[in-house]
There are 2 protein chains.
Amino acid sequence: MTEDVRRSEALGDTQNGDNGGTATKNSSKTGQIRARNKARIIAAAEEVFAAKGYEGATTAEIALKAALPKANVHYYFSTKEAIYRAVIDNILDLWLEPFQRITENDDPAEALSTYIRTKVMLSRDRPLASRIYANEIIRGAPILADYLGSDLREWVAEKSCVLRGWAKKGLMDPVEPAHLLFLIWASTQHYADFQVQAKAVLHHRDLTEDDFETAVQTITRIVLKGCGVKAD
Amino acid sequence: MTEDVRRSEALGDTQNGDNGGTATKNSSKTGQIRARNKARIIAAAEEVFAAKGYEGATTAEIALKAALPKANVHYYFSTKEAIYRAVIDNILDLWLEPFQRITENDDPAEALSTYIRTKVMLSRDRPLASRIYANEIIRGAPILADYLGSDLREWVAEKSCVLRGWAKKGLMDPVEPAHLLFLIWASTQHYADFQVQAKAVLHHRDLTEDDFETAVQTITRIVLKGCGVKAD
DNA sequence: GTCTATAGGCTGATAGAC
DNA sequence: GTCTATCAGCCTATAGAC
(Lines give C-alpha, C1' and ligand atoms only; values in the text may rest on other atoms or scores of the structure.)
Protein backbone atom coordinates (compact mmCIF):
# COMPACT_ATOMS: atom_id res chain seq x y z
CA MET A 1 0.00 0.00 0.00
CA THR A 2 1.70 3.14 -1.13
CA GLU A 3 -0.54 5.67 0.54
CA ASP A 4 -2.76 4.92 3.47
CA VAL A 5 -6.00 6.74 2.93
CA ARG A 6 -8.11 4.24 4.79
CA ARG A 7 -9.78 6.60 7.16
CA SER A 8 -10.62 9.40 4.77
CA GLU A 9 -14.28 9.64 3.93
CA ALA A 10 -13.80 8.58 0.36
CA LEU A 11 -17.44 7.81 -0.23
CA GLY A 12 -20.81 9.31 0.40
CA ASP A 13 -19.05 12.62 0.42
CA THR A 14 -21.78 15.08 -0.45
CA GLN A 15 -19.55 17.86 -1.57
CA ASN A 16 -20.30 20.58 0.99
CA GLY A 17 -19.57 23.09 -1.69
CA ASP A 18 -17.86 26.03 -0.07
CA ASN A 19 -14.89 27.50 -1.89
CA GLY A 20 -16.36 26.93 -5.32
CA GLY A 21 -13.73 27.72 -7.92
CA THR A 22 -10.72 29.97 -7.43
CA ALA A 23 -8.61 30.05 -4.30
CA THR A 24 -9.67 32.79 -1.89
CA LYS A 25 -7.12 32.89 0.89
CA ASN A 26 -5.19 29.61 0.90
CA SER A 27 -3.57 28.63 4.18
CA SER A 28 -4.93 25.61 6.07
CA LYS A 29 -7.66 25.51 3.43
CA THR A 30 -5.18 23.85 1.08
CA GLY A 31 -5.16 20.57 2.89
CA GLN A 32 -8.93 20.48 2.86
CA ILE A 33 -9.17 20.99 -0.88
CA ARG A 34 -6.56 18.34 -1.41
CA ALA A 35 -8.36 15.83 0.82
CA ARG A 36 -11.70 16.60 -0.75
CA ASN A 37 -10.48 16.23 -4.31
CA LYS A 38 -8.59 13.03 -3.59
CA ALA A 39 -11.73 11.64 -1.98
CA ARG A 40 -13.80 12.58 -5.00
CA ILE A 41 -11.32 10.91 -7.32
CA ILE A 42 -11.30 7.75 -5.24
CA ALA A 43 -15.08 7.64 -5.11
CA ALA A 44 -15.32 8.12 -8.87
CA ALA A 45 -12.57 5.57 -9.47
CA GLU A 46 -14.41 3.00 -7.38
CA GLU A 47 -17.37 3.21 -9.72
CA VAL A 48 -15.29 2.99 -12.86
CA PHE A 49 -12.98 0.19 -11.69
CA ALA A 50 -15.99 -1.83 -10.48
CA ALA A 51 -17.79 -1.50 -13.79
CA LYS A 52 -14.89 -1.83 -16.22
CA GLY A 53 -12.11 -3.67 -14.43
CA TYR A 54 -8.57 -2.36 -14.05
CA GLU A 55 -7.60 -2.22 -17.72
CA GLY A 56 -11.05 -1.15 -18.86
CA ALA A 57 -11.09 1.86 -16.58
CA THR A 58 -9.71 5.07 -18.08
CA THR A 59 -8.41 8.08 -16.25
CA ALA A 60 -10.56 10.18 -18.56
CA GLU A 61 -13.74 8.54 -17.30
CA ILE A 62 -12.63 8.79 -13.71
CA ALA A 63 -11.94 12.48 -14.20
CA LEU A 64 -15.32 12.98 -15.85
CA LYS A 65 -17.13 11.27 -12.96
CA ALA A 66 -15.13 13.23 -10.42
CA ALA A 67 -15.97 16.43 -12.33
CA LEU A 68 -12.30 17.34 -12.60
CA PRO A 69 -10.03 17.88 -15.62
CA LYS A 70 -8.02 14.80 -16.45
CA ALA A 71 -4.73 16.57 -15.79
CA ASN A 72 -5.95 17.42 -12.32
CA VAL A 73 -6.46 13.75 -11.58
CA HIS A 74 -2.86 13.11 -12.58
CA TYR A 75 -1.82 15.93 -10.33
CA TYR A 76 -3.16 14.11 -7.26
CA PHE A 77 -2.32 10.58 -8.38
CA SER A 78 0.65 10.37 -10.69
CA THR A 79 -0.39 7.07 -12.25
CA LYS A 80 -3.54 5.08 -12.82
CA GLU A 81 -2.11 2.34 -10.64
CA ALA A 82 -1.76 4.81 -7.79
CA ILE A 83 -5.47 5.57 -7.98
CA TYR A 84 -6.23 1.85 -8.00
CA ARG A 85 -4.02 1.21 -4.98
CA ALA A 86 -5.77 3.98 -3.08
CA VAL A 87 -9.15 2.46 -3.92
CA ILE A 88 -8.08 -1.05 -2.92
CA ASP A 89 -6.49 0.27 0.26
CA ASN A 90 -9.78 1.86 1.15
CA ILE A 91 -11.54 -1.46 0.77
CA LEU A 92 -9.26 -3.72 2.73
CA ASP A 93 -10.11 -3.33 6.38
CA LEU A 94 -13.75 -3.26 5.41
CA TRP A 95 -13.19 -6.96 4.75
CA LEU A 96 -11.51 -8.05 7.94
CA GLU A 97 -13.05 -5.78 10.52
CA PRO A 98 -16.48 -7.40 10.96
CA PHE A 99 -15.15 -10.64 12.47
CA GLN A 100 -12.29 -8.92 14.26
CA ARG A 101 -13.49 -8.80 17.85
CA ILE A 102 -14.82 -12.33 18.01
CA THR A 103 -13.09 -14.63 20.50
CA GLU A 104 -13.47 -18.18 21.70
CA ASN A 105 -15.51 -16.95 24.67
CA ASP A 106 -18.27 -15.60 22.47
CA ASP A 107 -21.36 -17.58 21.69
CA PRO A 108 -20.87 -19.24 18.29
CA ALA A 109 -24.51 -18.95 17.21
CA GLU A 110 -24.60 -15.25 17.90
CA ALA A 111 -21.10 -14.54 16.59
CA LEU A 112 -21.64 -16.37 13.29
CA SER A 113 -25.12 -14.88 12.82
CA THR A 114 -23.78 -11.38 13.30
CA TYR A 115 -20.85 -12.02 10.99
CA ILE A 116 -23.07 -13.34 8.20
CA ARG A 117 -25.50 -10.46 8.58
CA THR A 118 -22.71 -7.91 8.54
CA LYS A 119 -21.18 -9.43 5.42
CA VAL A 120 -24.50 -9.49 3.54
CA MET A 121 -25.21 -5.90 4.52
CA LEU A 122 -21.74 -4.96 3.30
CA SER A 123 -22.69 -6.52 -0.04
CA ARG A 124 -25.81 -4.38 -0.02
CA ASP A 125 -24.11 -1.15 1.02
CA ARG A 126 -20.75 -1.44 -0.72
CA PRO A 127 -21.27 -3.64 -3.76
CA LEU A 128 -18.68 -1.72 -5.78
CA ALA A 129 -15.99 -2.37 -3.20
CA SER A 130 -16.83 -6.05 -3.22
CA ARG A 131 -16.67 -6.23 -7.00
CA ILE A 132 -13.31 -4.51 -7.18
CA TYR A 133 -11.92 -6.90 -4.60
CA ALA A 134 -13.34 -9.88 -6.50
CA ASN A 135 -11.85 -8.58 -9.73
CA GLU A 136 -8.46 -8.15 -8.12
CA ILE A 137 -8.45 -11.74 -6.86
CA ILE A 138 -9.76 -13.21 -10.11
CA ARG A 139 -6.95 -11.46 -11.99
CA GLY A 140 -4.48 -13.26 -9.76
CA ALA A 141 -4.15 -10.55 -7.11
CA PRO A 142 -1.31 -8.58 -8.78
CA ILE A 143 -1.57 -5.87 -6.13
CA LEU A 144 -2.86 -7.84 -3.16
CA ALA A 145 -0.59 -10.88 -3.36
CA ASP A 146 1.39 -9.79 -0.30
CA TYR A 147 -1.71 -9.04 1.70
CA LEU A 148 -3.21 -12.47 0.96
CA GLY A 149 -0.09 -14.28 2.10
CA SER A 150 0.42 -12.24 5.25
CA ASP A 151 -2.47 -10.30 6.83
CA LEU A 152 -5.33 -12.41 5.49
CA ARG A 153 -3.51 -15.65 6.10
CA GLU A 154 -2.86 -14.73 9.73
CA TRP A 155 -6.42 -13.53 10.16
CA VAL A 156 -7.74 -16.88 8.94
CA ALA A 157 -5.31 -18.75 11.17
CA GLU A 158 -6.55 -16.82 14.21
CA LYS A 159 -10.20 -17.28 13.43
CA SER A 160 -9.58 -20.97 12.70
CA CYS A 161 -8.38 -21.33 16.30
CA VAL A 162 -11.60 -19.79 17.53
CA LEU A 163 -13.69 -22.15 15.42
CA ARG A 164 -11.67 -25.19 16.51
CA GLY A 165 -12.02 -24.05 20.12
CA TRP A 166 -15.80 -23.97 19.77
CA ALA A 167 -15.74 -27.46 18.26
CA LYS A 168 -13.57 -28.78 21.07
CA LYS A 169 -16.04 -27.41 23.59
CA GLY A 170 -18.81 -29.26 21.78
CA LEU A 171 -20.51 -26.03 20.76
CA MET A 172 -20.38 -26.99 17.09
CA ASP A 173 -19.22 -29.76 14.74
CA PRO A 174 -15.53 -30.00 13.88
CA VAL A 175 -15.82 -28.34 10.47
CA GLU A 176 -12.69 -27.48 8.47
CA PRO A 177 -12.40 -23.80 9.52
CA ALA A 178 -10.87 -22.24 6.41
CA HIS A 179 -13.37 -23.93 4.12
CA LEU A 180 -16.23 -22.79 6.34
CA LEU A 181 -14.96 -19.23 6.10
CA PHE A 182 -14.69 -19.59 2.32
CA LEU A 183 -18.31 -20.72 2.17
CA ILE A 184 -19.46 -17.76 4.24
CA TRP A 185 -17.42 -15.24 2.23
CA ALA A 186 -18.52 -16.66 -1.09
CA SER A 187 -22.20 -16.92 -0.30
CA THR A 188 -22.44 -13.45 1.25
CA GLN A 189 -20.30 -11.58 -1.29
CA HIS A 190 -22.32 -13.28 -4.02
CA TYR A 191 -25.09 -10.73 -3.46
CA ALA A 192 -22.70 -7.93 -4.44
CA ASP A 193 -20.55 -9.58 -7.10
CA PHE A 194 -23.32 -11.50 -8.88
CA GLN A 195 -26.04 -8.97 -8.19
CA VAL A 196 -27.10 -8.74 -11.85
CA GLN A 197 -27.55 -12.49 -11.92
CA ALA A 198 -29.51 -12.54 -8.66
CA LYS A 199 -31.71 -9.74 -9.95
CA ALA A 200 -32.37 -11.52 -13.22
CA VAL A 201 -33.19 -14.79 -11.52
CA LEU A 202 -35.31 -13.44 -8.68
CA HIS A 203 -37.51 -10.79 -10.29
CA HIS A 204 -35.68 -8.61 -12.82
CA ARG A 205 -35.78 -5.63 -10.48
CA ASP A 206 -33.28 -4.25 -8.01
CA LEU A 207 -32.78 -6.41 -4.96
CA THR A 208 -35.08 -5.32 -2.17
CA GLU A 209 -34.65 -5.10 1.55
CA ASP A 210 -36.56 -8.39 1.73
CA ASP A 211 -34.18 -10.12 -0.66
CA PHE A 212 -31.21 -9.28 1.52
CA GLU A 213 -33.12 -10.32 4.62
CA THR A 214 -34.02 -13.67 3.04
CA ALA A 215 -30.39 -14.10 2.05
CA VAL A 216 -29.27 -13.49 5.64
CA GLN A 217 -31.87 -15.92 6.98
CA THR A 218 -31.09 -18.66 4.47
CA ILE A 219 -27.31 -18.50 4.81
CA THR A 220 -27.44 -18.19 8.59
CA ARG A 221 -29.79 -21.10 8.94
CA ILE A 222 -27.83 -23.41 6.65
CA VAL A 223 -24.49 -22.54 8.23
CA LEU A 224 -25.63 -22.81 11.85
CA LYS A 225 -27.64 -25.98 11.42
CA GLY A 226 -25.11 -27.39 8.94
CA CYS A 227 -22.27 -26.94 11.42
CA GLY A 228 -24.35 -28.24 14.30
CA VAL A 229 -24.07 -24.98 16.19
CA LYS A 230 -25.98 -25.16 19.44
CA ALA A 231 -28.65 -22.45 19.68
CA ASP A 232 -28.07 -20.12 22.60
CA MET B 1 -24.84 -16.04 -29.11
CA THR B 2 -23.62 -15.27 -32.61
CA GLU B 3 -21.89 -18.52 -33.43
CA ASP B 4 -22.53 -21.78 -31.73
CA VAL B 5 -19.22 -23.48 -31.26
CA ARG B 6 -20.23 -25.29 -28.11
CA ARG B 7 -19.31 -28.78 -29.12
CA SER B 8 -15.95 -28.10 -30.75
CA GLU B 9 -13.01 -29.30 -28.72
CA ALA B 10 -11.87 -25.83 -27.84
CA LEU B 11 -9.60 -26.93 -25.05
CA GLY B 12 -7.01 -29.54 -24.29
CA ASP B 13 -6.41 -29.69 -27.99
CA THR B 14 -2.86 -30.94 -28.24
CA GLN B 15 -2.15 -29.71 -31.72
CA ASN B 16 -1.64 -32.94 -33.64
CA GLY B 17 0.66 -31.14 -35.95
CA ASP B 18 0.17 -32.50 -39.41
CA ASN B 19 0.00 -30.00 -42.23
CA GLY B 20 2.51 -27.67 -40.65
CA GLY B 21 2.62 -24.50 -42.70
CA THR B 22 1.52 -24.15 -46.29
CA ALA B 23 -1.59 -25.73 -47.73
CA THR B 24 -0.92 -29.04 -49.47
CA LYS B 25 -4.06 -30.16 -51.23
CA ASN B 26 -7.07 -28.31 -49.85
CA SER B 27 -10.46 -29.96 -50.27
CA SER B 28 -12.26 -31.31 -47.20
CA LYS B 29 -9.07 -30.43 -45.33
CA THR B 30 -10.18 -26.81 -45.35
CA GLY B 31 -12.93 -27.31 -42.83
CA GLN B 32 -10.54 -29.14 -40.56
CA ILE B 33 -7.93 -26.39 -40.61
CA ARG B 34 -10.62 -23.85 -39.97
CA ALA B 35 -12.05 -25.77 -37.04
CA ARG B 36 -8.64 -26.44 -35.59
CA ASN B 37 -7.50 -22.82 -35.83
CA LYS B 38 -10.73 -21.49 -34.39
CA ALA B 39 -10.41 -23.93 -31.52
CA ARG B 40 -6.83 -22.83 -30.87
CA ILE B 41 -7.86 -19.20 -30.88
CA ILE B 42 -10.71 -19.87 -28.46
CA ALA B 43 -8.45 -21.84 -26.15
CA ALA B 44 -5.84 -19.09 -26.17
CA ALA B 45 -8.49 -16.43 -25.71
CA GLU B 46 -9.87 -18.25 -22.68
CA GLU B 47 -6.51 -17.93 -20.98
CA VAL B 48 -6.07 -14.28 -21.84
CA PHE B 49 -9.62 -13.18 -21.01
CA ALA B 50 -9.45 -15.04 -17.69
CA ALA B 51 -6.19 -13.39 -16.71
CA LYS B 52 -6.73 -9.87 -18.01
CA GLY B 53 -10.47 -9.32 -18.25
CA TYR B 54 -12.26 -8.24 -21.41
CA GLU B 55 -10.62 -4.85 -21.90
CA GLY B 56 -7.24 -6.02 -20.66
CA ALA B 57 -7.06 -8.81 -23.21
CA THR B 58 -5.44 -7.92 -26.52
CA THR B 59 -5.82 -9.71 -29.82
CA ALA B 60 -2.04 -9.59 -30.12
CA GLU B 61 -1.61 -11.68 -26.99
CA ILE B 62 -4.31 -14.10 -28.05
CA ALA B 63 -2.61 -14.50 -31.40
CA LEU B 64 0.75 -15.06 -29.71
CA LYS B 65 -0.68 -17.74 -27.43
CA ALA B 66 -2.47 -19.38 -30.33
CA ALA B 67 0.80 -19.27 -32.30
CA LEU B 68 -0.89 -17.48 -35.18
CA PRO B 69 -0.25 -14.09 -36.78
CA LYS B 70 -2.54 -11.43 -35.42
CA ALA B 71 -4.17 -10.82 -38.80
CA ASN B 72 -5.01 -14.50 -38.99
CA VAL B 73 -6.98 -14.22 -35.77
CA HIS B 74 -9.00 -11.40 -37.31
CA TYR B 75 -9.57 -13.57 -40.32
CA TYR B 76 -11.44 -16.14 -38.25
CA PHE B 77 -13.08 -13.72 -35.84
CA SER B 78 -13.70 -10.30 -37.26
CA THR B 79 -13.76 -8.53 -33.92
CA LYS B 80 -12.43 -9.02 -30.43
CA GLU B 81 -16.00 -9.20 -29.19
CA ALA B 82 -16.68 -12.09 -31.57
CA ILE B 83 -13.85 -14.05 -29.96
CA TYR B 84 -15.23 -13.25 -26.53
CA ARG B 85 -18.74 -14.37 -27.51
CA ALA B 86 -17.35 -17.65 -28.81
CA VAL B 87 -15.50 -18.19 -25.55
CA ILE B 88 -18.54 -17.37 -23.43
CA ASP B 89 -20.75 -19.53 -25.60
CA ASN B 90 -18.40 -22.42 -25.00
CA ILE B 91 -18.74 -21.95 -21.27
CA LEU B 92 -22.48 -21.68 -20.91
CA ASP B 93 -23.90 -25.17 -20.98
CA LEU B 94 -21.01 -26.25 -18.81
CA TRP B 95 -22.84 -24.29 -16.13
CA LEU B 96 -26.33 -25.68 -16.45
CA GLU B 97 -25.74 -29.23 -17.54
CA PRO B 98 -24.67 -30.84 -14.21
CA PHE B 99 -28.04 -30.37 -12.50
CA GLN B 100 -30.03 -30.89 -15.68
CA ARG B 101 -31.34 -34.42 -15.29
CA ILE B 102 -32.38 -34.13 -11.68
CA THR B 103 -36.10 -34.55 -11.00
CA GLU B 104 -38.36 -34.63 -8.00
CA ASN B 105 -38.21 -38.42 -7.97
CA ASP B 106 -34.48 -38.45 -7.29
CA ASP B 107 -33.09 -38.78 -3.81
CA PRO B 108 -32.22 -35.26 -2.56
CA ALA B 109 -29.16 -36.35 -0.59
CA GLU B 110 -27.62 -38.08 -3.56
CA ALA B 111 -28.69 -35.47 -6.10
CA LEU B 112 -27.34 -32.52 -4.11
CA SER B 113 -24.12 -34.36 -3.24
CA THR B 114 -23.48 -35.16 -6.86
CA TYR B 115 -24.26 -31.61 -7.94
CA ILE B 116 -21.91 -30.09 -5.41
CA ARG B 117 -19.13 -32.52 -6.29
CA THR B 118 -19.58 -31.86 -9.99
CA LYS B 119 -19.47 -28.10 -9.48
CA VAL B 120 -16.30 -28.24 -7.36
CA MET B 121 -14.62 -30.49 -9.89
CA LEU B 122 -15.61 -28.05 -12.60
CA SER B 123 -13.81 -25.37 -10.60
CA ARG B 124 -10.79 -27.62 -10.49
CA ASP B 125 -10.82 -28.61 -14.15
CA ARG B 126 -12.07 -25.42 -15.80
CA PRO B 127 -11.04 -22.55 -13.52
CA LEU B 128 -10.52 -20.20 -16.46
CA ALA B 129 -14.07 -20.72 -17.69
CA SER B 130 -15.39 -19.98 -14.24
CA ARG B 131 -13.33 -16.80 -13.97
CA ILE B 132 -14.48 -15.49 -17.32
CA TYR B 133 -18.09 -16.12 -16.36
CA ALA B 134 -17.59 -14.39 -13.02
CA ASN B 135 -15.95 -11.45 -14.73
CA GLU B 136 -18.82 -11.15 -17.18
CA ILE B 137 -21.39 -11.05 -14.38
CA ILE B 138 -19.38 -8.65 -12.23
CA ARG B 139 -19.15 -6.24 -15.16
CA GLY B 140 -22.93 -6.23 -15.32
CA ALA B 141 -23.33 -9.04 -17.87
CA PRO B 142 -23.13 -6.87 -21.03
CA ILE B 143 -23.17 -9.99 -23.21
CA LEU B 144 -25.11 -12.42 -21.04
CA ALA B 145 -27.96 -10.18 -19.93
CA ASP B 146 -30.46 -11.96 -22.16
CA TYR B 147 -29.31 -15.38 -21.04
CA LEU B 148 -29.67 -14.47 -17.37
CA GLY B 149 -33.22 -13.25 -17.80
CA SER B 150 -34.36 -16.17 -19.96
CA ASP B 151 -32.50 -19.50 -19.90
CA LEU B 152 -30.97 -19.21 -16.45
CA ARG B 153 -34.12 -17.80 -14.94
CA GLU B 154 -36.19 -20.68 -16.30
CA TRP B 155 -33.61 -23.18 -15.19
CA VAL B 156 -33.75 -21.83 -11.65
CA ALA B 157 -37.55 -21.82 -11.71
CA GLU B 158 -37.59 -25.49 -12.72
CA LYS B 159 -35.08 -26.55 -10.14
CA SER B 160 -36.90 -24.53 -7.51
CA CYS B 161 -39.95 -26.70 -8.13
CA VAL B 162 -37.88 -29.81 -7.55
CA LEU B 163 -36.52 -28.42 -4.29
CA ARG B 164 -39.97 -27.35 -3.11
CA GLY B 165 -41.29 -30.77 -4.04
CA TRP B 166 -38.68 -32.42 -1.85
CA ALA B 167 -39.59 -30.11 1.00
CA LYS B 168 -43.29 -30.87 0.61
CA LYS B 169 -42.53 -34.58 0.84
CA GLY B 170 -40.65 -33.94 4.06
CA LEU B 171 -37.34 -34.98 2.53
CA MET B 172 -35.73 -31.64 3.45
CA ASP B 173 -36.49 -28.32 5.15
CA PRO B 174 -38.40 -25.69 3.19
CA VAL B 175 -35.39 -23.58 2.25
CA GLU B 176 -35.74 -20.66 -0.17
CA PRO B 177 -34.68 -22.50 -3.37
CA ALA B 178 -33.01 -19.69 -5.34
CA HIS B 179 -30.95 -18.60 -2.35
CA LEU B 180 -29.88 -22.19 -1.72
CA LEU B 181 -28.73 -22.45 -5.32
CA PHE B 182 -26.86 -19.15 -4.96
CA LEU B 183 -25.08 -20.54 -1.91
CA ILE B 184 -24.06 -23.70 -3.74
CA TRP B 185 -22.89 -21.82 -6.84
CA ALA B 186 -20.96 -19.27 -4.85
CA SER B 187 -19.24 -21.68 -2.51
CA THR B 188 -18.25 -24.12 -5.26
CA GLN B 189 -17.15 -21.57 -7.86
CA HIS B 190 -15.12 -19.87 -5.15
CA TYR B 191 -12.43 -22.51 -5.60
CA ALA B 192 -11.92 -21.38 -9.19
CA ASP B 193 -12.54 -17.64 -8.97
CA PHE B 194 -10.73 -17.02 -5.69
CA GLN B 195 -8.14 -19.74 -6.17
CA VAL B 196 -5.20 -17.41 -5.50
CA GLN B 197 -6.76 -16.41 -2.21
CA ALA B 198 -7.49 -20.01 -1.22
CA LYS B 199 -3.91 -20.96 -2.09
CA ALA B 200 -2.46 -18.11 -0.07
CA VAL B 201 -4.63 -18.87 2.95
CA LEU B 202 -4.27 -22.65 2.93
CA HIS B 203 -0.61 -23.25 2.18
CA HIS B 204 0.80 -20.99 -0.54
CA ARG B 205 1.02 -23.83 -3.02
CA ASP B 206 -1.32 -25.00 -5.73
CA LEU B 207 -4.52 -26.53 -4.45
CA THR B 208 -4.16 -30.28 -4.13
CA GLU B 209 -6.54 -33.14 -4.79
CA ASP B 210 -7.09 -33.22 -1.03
CA ASP B 211 -8.05 -29.56 -0.90
CA PHE B 212 -10.79 -30.06 -3.45
CA GLU B 213 -11.93 -33.21 -1.69
CA THR B 214 -12.14 -31.36 1.63
CA ALA B 215 -14.05 -28.60 -0.09
CA VAL B 216 -16.57 -31.09 -1.45
CA GLN B 217 -16.96 -32.76 1.94
CA THR B 218 -17.34 -29.49 3.84
CA ILE B 219 -19.84 -27.89 1.47
CA THR B 220 -21.84 -31.09 1.04
CA ARG B 221 -22.03 -31.67 4.76
CA ILE B 222 -23.08 -28.12 5.60
CA VAL B 223 -25.67 -27.97 2.84
CA LEU B 224 -27.24 -31.37 3.50
CA LYS B 225 -27.31 -31.05 7.26
CA GLY B 226 -28.16 -27.37 7.07
CA CYS B 227 -31.19 -28.07 4.89
CA GLY B 228 -32.25 -31.02 6.98
CA VAL B 229 -31.88 -33.43 4.06
CA LYS B 230 -32.68 -36.95 5.12
CA ALA B 231 -29.78 -39.32 4.49
CA ASP B 232 -30.66 -42.15 2.11
C1' DG C 1 -5.86 -19.20 -46.52
C1' DT C 2 -1.72 -16.62 -44.80
C1' DC C 3 0.69 -12.69 -43.21
C1' DT C 4 3.29 -7.92 -43.44
C1' DA C 5 2.58 -3.33 -43.09
C1' DT C 6 -0.08 0.27 -41.65
C1' DA C 7 -4.15 3.07 -40.88
C1' DG C 8 -6.91 5.34 -37.43
C1' DG C 9 -8.37 5.94 -32.80
C1' DC C 10 -7.84 6.07 -27.95
C1' DT C 11 -4.82 5.89 -23.74
C1' DG C 12 -1.82 7.42 -19.93
C1' DA C 13 0.89 10.97 -18.95
C1' DT C 14 3.19 15.78 -19.33
C1' DA C 15 4.53 20.66 -20.54
C1' DG C 16 3.69 25.00 -19.53
C1' DA C 17 0.50 29.18 -19.38
C1' DC C 18 -2.47 30.92 -15.87
C1' DG D 1 -3.26 24.53 -7.50
C1' DT D 2 -5.65 24.48 -12.08
C1' DC D 3 -6.28 23.21 -16.75
C1' DT D 4 -5.57 23.38 -22.11
C1' DA D 5 -3.02 21.40 -25.55
C1' DT D 6 -0.44 17.77 -26.99
C1' DC D 7 2.73 13.76 -27.31
C1' DA D 8 4.27 9.03 -27.69
C1' DG D 9 2.66 4.51 -27.48
C1' DC D 10 -0.43 0.86 -27.90
C1' DC D 11 -4.78 -0.92 -29.55
C1' DT D 12 -8.20 -3.01 -32.98
C1' DA D 13 -8.91 -3.71 -37.43
C1' DT D 14 -7.88 -3.72 -42.52
C1' DA D 15 -5.57 -3.46 -47.15
C1' DG D 16 -3.33 -5.96 -50.26
C1' DA D 17 0.79 -8.92 -51.78
C1' DC D 18 1.60 -13.76 -51.72
Side-chain angles (χ1 to χ4, degrees), chain A residues 2 15 17-41 44-45 48-49 51-87 142-143, chain B residues 2 15 17-41 44-45 48-49 51-87 142-143:
Chain A
T2 39
Q15 43 197 31
D18 56 334
N19 198 356
T22 46
T24 38
K25 198 62 175 294
N26 180 15
S27 57
S28 68
K29 212 80 179 178
T30 319
Q32 281 182 32
I33 294 176
R34 192 172 193 84
R36 197 195 57 160
N37 280 350
K38 287 184 85 167
R40 286 171 63 142
I41 293 168
V48 181
F49 281 126
K52 306 287 182 70
Y54 179 75
E55 308 272 359
T58 64
T59 53
E61 194 178 348
I62 293 171
L64 189 72
K65 255 199 176 100
L68 288 170
K70 194 172 63 160
N72 209 331
V73 169
H74 276 98
Y75 170 69
Y76 289 110
F77 298 93
S78 58
T79 66
K80 175 175 160 179
E81 189 183 315
I83 308 177
Y84 183 69
R85 294 191 106 99
V87 172
I143 305 293
Chain B
T2 39
Q15 41 195 38
D18 57 333
N19 198 357
T22 47
T24 40
K25 196 63 173 296
N26 181 14
S27 56
S28 69
K29 213 80 180 180
T30 318
Q32 281 183 33
I33 294 177
R34 193 173 192 85
R36 198 195 57 161
N37 280 351
K38 286 183 87 166
R40 286 170 63 144
I41 293 168
V48 181
F49 281 126
K52 305 287 182 68
Y54 179 75
E55 309 271 1
T58 66
T59 53
E61 193 178 349
I62 292 172
L64 189 72
K65 253 195 179 108
L68 288 171
K70 194 174 60 163
N72 209 331
V73 169
H74 276 97
Y75 170 69
Y76 288 110
F77 298 93
S78 60
T79 67
K80 174 175 160 179
E81 189 183 314
I83 309 177
Y84 183 69
R85 294 191 107 100
V87 171
I143 304 293

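Here the structure is a predicted model, which means the values were calculated and not measured. Each chain gets a letter, A, B and so on, in the order its sequence line appears, and its residues count up from 1.
Going from atom CD of A:Glu55 over to atom C1' of C:dG12 covers 12 Å, rounded to whole Å. Distance OH (A:Tyr84) to C1' (C:dG12): 17 Å, rounded to an integer number of Å. Between B:Ile41 atom CD1 and D:dT12 atom P the separation is 14 Å, expressed in whole Å. In this structure, B:Lys52 places its NZ atom 9 Å from P of D:dC11, rounding to the nearest Å. In this entry the distance linking OH of B:Tyr75 with C1' of C:dG1 reads 5 Å, nearest Å. Taking atom CZ of residue B:Arg36 and atom C1' of nucleotide C:dT2, one finds them 13 Å apart after rounding to whole Å. Summarising the geometry, the separation between CD on A:Gln32 and C1' on D:dG1 is reported as 15 Å, rounded to the nearest angstrom. When the C1' atom of C:dT11 is taken as reference, atom CD1 of A:Ile83 falls 13 Å away, rounded to whole Å.
Applying the 4.0 Å criterion to OP1 and OP2 of D:dT4, one finds that A:Asn72 has every side-chain N and O outside that range. Between A:Tyr76 and D:dG1 there is no side-chain polar atom (N or O) within less than 4.0 angstrom of OP1 or OP2.
Note that the OH atom of A:Tyr54 and the NZ atom of A:Lys80 stand 5.5 Å from one another [nearest 0.5 Å]. Annotation: the span from B:Gln32 atom CD to B:Asn37 atom CG amounts to 11.5 Å, rounded to 0.5 Å. To the nearest 0.5 Å, atom OH of residue B:Tyr76 and atom CG of residue B:Leu68 are 7.5 Å apart.
When all heavy atoms of A:Phe77 and A:Ala86 are compared, the closest pair comes out as CE2-CB, 3.8 Å. B:Ile83 and B:Val73 get closest at one heavy-atom pair: CD1-CG1, 3.7 Å.
Checked against side-chain contact (heavy atoms from CB on, under 4.5 Å), A:Ser78 has no partners two or more places apart in sequence or in another chain.
Side chain of A:His74, nearest nucleotide from C:dT14, C:dT2, D:dT2: C:dT14.
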Can you list, pair by pair, the side-chain donor-acceptor contacts under 3.5 Å of residues 57-67 of chain B, counting residues two or more places apart and other chains?
unit_1, atom_1, unit_2, atom_2, d
B:Thr58, OG1, B:Glu61, N, 3.1
B:Glu61, OE1, B:Lys52, NZ, 3.0
B:Glu61, OE2, B:Lys52, NZ, 3.4

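The stretch residues 57-71 of chain A touches DNA chain D through A:Pro69, A:Ala71, each having a heavy atom within less than 4.0 Å of the strand.
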